[in-house]
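A, B, ... follow the sequence lines: proteins, then strands. Residue 1 opens every chain. Every heavy atom of this structure was used, including side-chain atoms; hydrogens, water molecules and symmetry mates were not.
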There are 2 protein chains.
Amino acid sequence: MTHPSFSSDLARLICPRSVVLVGASDRPQSIGGRTLTNLIDHSTIEGELFLVNPTKTELRGRQCWPSVASLPQTPDVAIIAVPASGALQVLEDCAARQVPFAIILTSGFSEAGLEGEQAQARMKEIANRSGMRIYGPNCPGLTNVNQRMGMTFSPSFPHDLIKGPIGLATQGGGLGRNVMQAMERGIGIGLWASTGNEVDLQVADFIRYMATAPDIKVIVTLLEGIKDGPRFLSALQCAADNGKPVIALKVGKSEYGRRAAQSHTASLTGSAEVNSAVFRQYGVIEVNDIDELVDTAWLFARALPSERAGVGIYCSSGGTSALTADAVGLAGLTLPEFSAETTEVLRSRLPDYAAIGNPVDTTAVILSDAELIEQTLSAVAADPHLGCVIAPISLDYGETTVRLAQTIIAAQQNVDSLIVPIWMSDRLGEGYQKLVAAGFAPPRSVNKAIAAIERWVAYGRWRRANPPNPGAAIVLPTIAPAGDFLTRSLSESQAKAQLKDAGISLLPQGLGTSVDQACALADGMGYPVVAKVASAQIVHKSDIGGVKVGLQDAAQVREAWRDIMAAAARHQPEAAVDGLLIEKMAPRGGTELMVGVTRDPVFGHVMTFGLGGIYVEVLRDVTRRMLPIGARDAAAMVREIRSFALLDGARGRPKADLAALEALLVRVSDFVVARADRIEEMDLNPVWVGATGEGALPLDAVIIERVPA
Amino acid sequence: MTHPSFSSDLARLICPRSVVLVGASDRPQSIGGRTLTNLIDHSTIEGELFLVNPTKTELRGRQCWPSVASLPQTPDVAIIAVPASGALQVLEDCAARQVPFAIILTSGFSEAGLEGEQAQARMKEIANRSGMRIYGPNCPGLTNVNQRMGMTFSPSFPHDLIKGPIGLATQGGGLGRNVMQAMERGIGIGLWASTGNEVDLQVADFIRYMATAPDIKVIVTLLEGIKDGPRFLSALQCAADNGKPVIALKVGKSEYGRRAAQSHTASLTGSAEVNSAVFRQYGVIEVNDIDELVDTAWLFARALPSERAGVGIYCSSGGTSALTADAVGLAGLTLPEFSAETTEVLRSRLPDYAAIGNPVDTTAVILSDAELIEQTLSAVAADPHLGCVIAPISLDYGETTVRLAQTIIAAQQNVDSLIVPIWMSDRLGEGYQKLVAAGFAPPRSVNKAIAAIERWVAYGRWRRANPPNPGAAIVLPTIAPAGDFLTRSLSESQAKAQLKDAGISLLPQGLGTSVDQACALADGMGYPVVAKVASAQIVHKSDIGGVKVGLQDAAQVREAWRDIMAAAARHQPEAAVDGLLIEKMAPRGGTELMVGVTRDPVFGHVMTFGLGGIYVEVLRDVTRRMLPIGARDAAAMVREIRSFALLDGARGRPKADLAALEALLVRVSDFVVARADRIEEMDLNPVWVGATGEGALPLDAVIIERVPA
């Protein structure tokens with residue numbers, strides 16, 4: 001769909017040599033006036049800044065041009081701050097002049113009713129036709145802090161002064177600005193793209209840019225909806241290939257949030273569970289609130305996690321030390337024992353009544369001895385088992401705490417591992433300010449610090465299991481074909497026949513279209529058998545009495561035929577009944593699991609795997625993957641569910657046939673991908689899994705296909 | 001145990017008419033010097049302040065007395081700031097003088113090794129013997145903010161100026177002081193008791209005091225360990241009877257935290273799951289961190305929850321509004337639709353492009369119109385479905401945000417329901433300060449605000465289900481008899497015989513001591529049957545092949561006898577085998593649950609109920625109650641587990657026999673309470689529950705009894 005001349009290199013947009021502001025104004029509070037101030041007073045523009053305003057000849061001592069056409073050269077970026085009614089004409093002018101990038105600050109498009117939507121559709125046409133790339137509309141602009149370039153009307157730009165390694169890509173501007181205000185505690189954000197209605201450029205494009213931008217180490221994104229799944233995933237893949245962590249806050253995790261986000265951005269929000277699963281698959285670090293986002297991003301900005309996953313605690317209050325140890329344990333992090341060297345330093349230097357294990361409780365007595373703190377904290381931080389050391393500061397005691405802060409700053413100079421001070425007090429005195437100035441941006445509570453560290457350690461684990469592999473082909477999701485369609489459900493015997501053709505093992509089974517044929521089938525496969533009503537129209541077979549299990553002989557099969565046919569006639573007289581599906585009964589023992597596939601509007605086919613049978617809906621012990629999956633994904637999925645212990649021989653049970661189970665998952669994936677245009681949904685529940693060698697067998701199968709409308 | 005003359009009314013301790021400071025000093029940094037400063041310069045003492053120091057005749061212009069014995073009158077409280085070596089003698093002097101309360105600031109007792117422990121034991125003797133009540137030792141003292149009385153050496157007392165309705169009871173001083181520093185954002189804490197080593201007075205005693213203190217509305221406690229379960233529970237009951245919420249942070253939720261807390265306070269921490277269950281039972285609001293504790297406490301301090309459980313959201317940023325709605329949904333809170341009146345106000349006043357449902361997104365355009373905000377916010381807050389309205393402030397935009405803050409303050413004047421502003425920005429400008437000054441103490445992130453509101457709403461629900469009932473008898477936990485003991489496990493048939501005697505229904509069963517007797521038993525009860533090895537020494541019967549299910553006739557029983565006896569001889573040749581326990585097999589269908597009882601060191605016998613069979617350990621879908629329980633508790637427990645849907649007819653299953661199940665729980669409780677001295681542990685797993693009328697039958701039973709050593 002993308003125009004061949006579209007520039008995929010956003011460097012000239014983000015750091016342009018020359019810029020034109022269309023709609024420059026001398027009214028200081030107008031969009032055009034504020035943007036003018038940001039560009040003239042607060043930005044560093046390498047080349048020319050042109051102003052366009054047909055009603056003026058000059059503005060703030062600079063020449064004004066009547067139109068883009070009249071400019072003496074073609075700028076890299078046109079910033080458009082004219083009213084909505086004039087925006088399309090200006091865009092046409094820019095396209096004619098072959099301006100490569102346009103930033104449309106103006107509101108009043110798809111967020112503002114039908115007329116706006118139509119105008120935005122025309123914008124899209126201009127972009128497609130001309131190859132000019134469009135940013136916005138309905139956005140605050142683009143804020144390049146590292147190169148001091150404020151292509152934005154935000155009156156806050158003059159305060160956006162803390163350069164740094166975080167790149168921020170958001171849709172709506174409000175939450176993004178909230179993150180920017182974290183600069184107040186020393187968080188350095190080098191670039192903020194806020195893409196508004198995303199008529200062309202999307203958050204994904206900026207993630208991709210940041211993935212290779214040398215001044216960005218950590219990518220942060222706030223998402224209300226994802227417009228283009230494949231584009232988004234390929235940007236994530238690019239970030240992963242370049243070793244850059246992506247931290248994401250995605251709104252729409254609950255029904256209320258989904259509705260609110262949809263009404264705000266009119267974008268598809270998809271399913272939160274699917275989103276989270278895709279994030280996990282790509283190593284994206286998902287967070288749940290802005291404060292978490294900032295704390296987590298800053299930890300990554302300070303350092304990427306090392307191989308040393310252990311956590312140390314160094315504290316001068318026993319209660320705080322216990323509280324922190326508690327949180328470490330609840331988060332599943334590890335407090336390793338210190339090495340003999342570390343222990344010896346602590347034992348010889350700290351007073352007798354101090355606790356010298358991990359957590360260290362120095363007691364408050366030593367707070368007056370900065371040298372002692374520096375020595376012992378440095379020793380802990382240099383311990384070979386630790387990747388980071390948490391130093392909770394529970395109180396602001398004025399001078400004493402200032403000294404403690406200085407000691408932490410000094411100790412960090414001596415060691416590679418991260419020292420993470422936590423500023424727990426609501427009193428933000430000089431000690432706090434010193435830590436902020438030194439770039440620690442201390443989290444403000446134990447749980448916030450631990451949540452960030454937990455994600456930092458988990459990312460390190462993911463990273464080691466998934467090393468960057470830039471040459472590898474990118475696996476893209478199966479995307480639904482366009483056009484209206486209906487759906488239809490296959491009968492169980494049709495569905496199982498398709499699975500069998502695809503090489504998926506099933507219990508012996510067959511369709512008996514008469515009572516005699518049913519008995520013959522059962523005799524042939526041996527008892528006990530199950531009999532199920534065979535009808536594409538009867539979906540909930542058990543609910544109407546359409547299933548009989550444990551049939552021991554032909555007489556019981558005959559009785560089942562009679563009962564089931566009567567039940568079907570009673571409950572669904574209109575259903576066409578093909579006969580009885582006769583199936584060998586699963587052996588005793590084993591575990592009931594489930595494998596399902598749905599089609600997500602953003603990410604295509606997604607597989608759900610988990611505990612099956614009656615427990616699936618109640619306990620929701622499931623995991624998900626975007627398709628296709630390979631053997632490694634299948635093995636990981638099986639191990640991700642809580643019930644894995646049951647498959648792995650818990651309570652003296654035999655180990656389940658994991659090889660067969662994993663093979664089943666891969667075959668189902670292949671099956672769906674080969675029929676991606678057709679399959680809307682499938683549900684194998686239960687899947688019976690026996691002990692090693694006994695196999696993994698779908699006992700029931702539902703397949704829903706799309707058919708042209 | 002308690003001395004009959006012990007004063008249970010702590011009013012004279014907390015607000016004494018007269019005080020003696022023993023160990024008053026002119027060294028300003030000493031414990032005695034700092035305490036002197038707090039008493040003279042920063043406290044309001046109704047009557048006399050006496051100073052005792054045998055080496056001085058006067059201090060800061062006040063007379064010094066050589067000893068407590070020499071004082072001209074008996075003070076209400078003696079504050080003891082002498083070194084550990086002299087503390088016991090001073091205590092003896094105080095006891096001789098019949099001083100009712102002593103506060104021992106001195107450290108060096110049970111926290112400091114064996115000698116200290118012995119000294120502390122002597123303190124306890126003095127308290128028991130004299131009736132004098134002792135607070136401490138090893139504590140910062142008692143901080144009475146509302147009456148400006150600082151019986152503490154803390155140099156921070158002069159800053160503890162924000163009076164208020166929160167009462168704080170802690171053990172260690174560090175975390176308590178951290179909570180006190182929340183005064184920085186306007187949190188008013190009227191009283192802080194920090195009970196240190198708790199030789200006599202405990203946190204529980206201060207909870208009980210605060211439960212009836214007229215100036216305390218909300219009780220907050222930080223616990224490292226609970227010394228005396230019954231005393232603690234009776235204090236909680238007293239708080240509940242007086243309609244005062246108790247908010248608790250209990251350290252020791254993870255193994256790391258448990259160990260750290262134990263090494264810090266040497267108190268029993270018990271099981272975190274049991275603690276949490278007991279808290280829930282008494283309506284205690286449990287939190288996980290200090291910031292949560294403060295936000296939650298302040299919400300309660302502002303107002304107790306009303307019957308209106310709905311939440312409203314009023315915001316000027318679409319993204320923030322969606323983020324907040326998301327968090328509300330994830331917390332299980334409700335965003336009701338507005339009433340017609342509210343909707344009409346919003347529709348007529350707000351611009352067309354605003355979202356006027358719940359959440360309201362006014363858009364940023366109206367931020368300049370304070371009157372419009374006040375009208376529309378007041379209308380939302382007055383909506384009859386809402387108990388509180390969340391007003392997230394995502395940005396600090398200087399003057400605009402100051403106006404917004406003032407508008408929120410004004411709107412709150414008009415309505416009963418709480419307006420909860422959230423200050424999301426790290427920039428804490430004048431708008432923030434105005435909200436703090438007006439008593440809003442805004443939470444600092446969406447999730448922190450929602451977590452507090454969730455607990456506020458949940459407490460309201462608990463309160464309505466458990467109205468104050470001051471006349472009711474307090475149900476106290478079963479406490480273990482003192483003394484050493486051993487334990488022994490009953491055989492399954494002994495255990496089941498006891499249960500049967502106690503009126504608990506079981507499947508037909510009997511002990512076959514010979515193969516013929518086993519067959520006769522099976523013939524008598526009808527097939528199929530289960531056969532299990534009968535031996536008190538063989539606990540894990542399945543693991544050694546000691547259980548055979550589904551035996552269809554006498555021949556199979558004979559075969560089972562042979563196999564089981566062989567397996568027992570092979571695996572546990574030393575075990576005394578009584579024969580085979582023959583039991584009628586449970587009917588097909590039904591659900592496997594479990595009922596267990598353990599003895600908690602703090603809270604006595606506790607029942608665990610939940611999903612049974614193989615799932616219990618993997619899925620941990622359980623709930624707990626301290627014993628005894630009644631019918632109402634049993635009904636609540638059954639409904640608390642996630643799997644309740646399975647019992648309640650999910651997926652077309654028959655409804656389970658809930659009446660029988662609830663009766664079983666009550667009978668087990670009665671059974672244990674009647675044998676409280678003897679039963680250490682019991683485990684009924686699985687308990688088979690059939691459809692309505694089919695009963696709830698323990699299929700296996702383990703009872704572990706204590707026997708004298």
Participant: Among Ser425(B), Ser542(B), Gly113(B), Gly174(B), which residue forms the greatest number of heavy-atom pairs with chain A at distances under 4.5 Å?
Facilitator: Ser425(B)
Participant: Quick one: of Thr363(A), Thr324(A), Ile290(A), Asn288(A), who has the most non-hydrogen atom pairs under 4.5 Å with chain B?
Facilitator: Asn288(A)
Participant: Measuring heavy-atom distances to chain A, does Asn358(B) have an atom under 4.5 Å in its side chain, in its backbone, in both, or in neither?
Facilitator: neither
Participant: So which part of Ser107(B) gets closer than 4.5 Å to some heavy atom of chain A, the side chain, the backbone, both or neither?
Facilitator: neither
Participant: If you tally heavy-atom pairs under 4.5 Å against chain A, which of Leu330(B), Leu395(B), Val294(B), Asp396(B) wins?
Facilitator: Leu395(B)
Participant: In chain order, what residues pass the side-chain contact (heavy atoms from CB on, under 4.5 Å) check against Ala331(B), with sequence neighbours excluded?
Facilitator: Leu333(B), Ile450(B), Glu454(B)
Participant: Please classify the contact between Ser156(B) and chain A as side chain, backbone, both or neither, with a heavy-atom cut-off of under 4.5 Å.
Facilitator: side chain
Participant: Output all residues satisfying side-chain contact (heavy atoms from CB on, under 4.5 Å) with Gln552(B), sequence neighbours left out; order by chain, then residue number.
Facilitator: Pro528(B), Gln556(B)
Participant: Select, from Met180(A), Met424(A), Arg444(A), the one with the greatest count of heavy-atom pairs under 4.5 Å involving chain B.
Facilitator: Met424(A)
Participant: Could you look at Ala182(B) and say if it's the side chain, the backbone, both or neither that has a heavy atom under 4.5 Å from chain A?
Facilitator: both
Participant: Could you tell me which portion of Ile187(B) (side chain, backbone, both or neither) has an atom closer than 4.5 angstrom to a non-hydrogen atom of chain A?
Facilitator: neither
Participant: Check Asp295(A) with Arg185(A), please: is the shortest side-chain N to carboxylate O separation under 4.0 Å?
Facilitator: yes
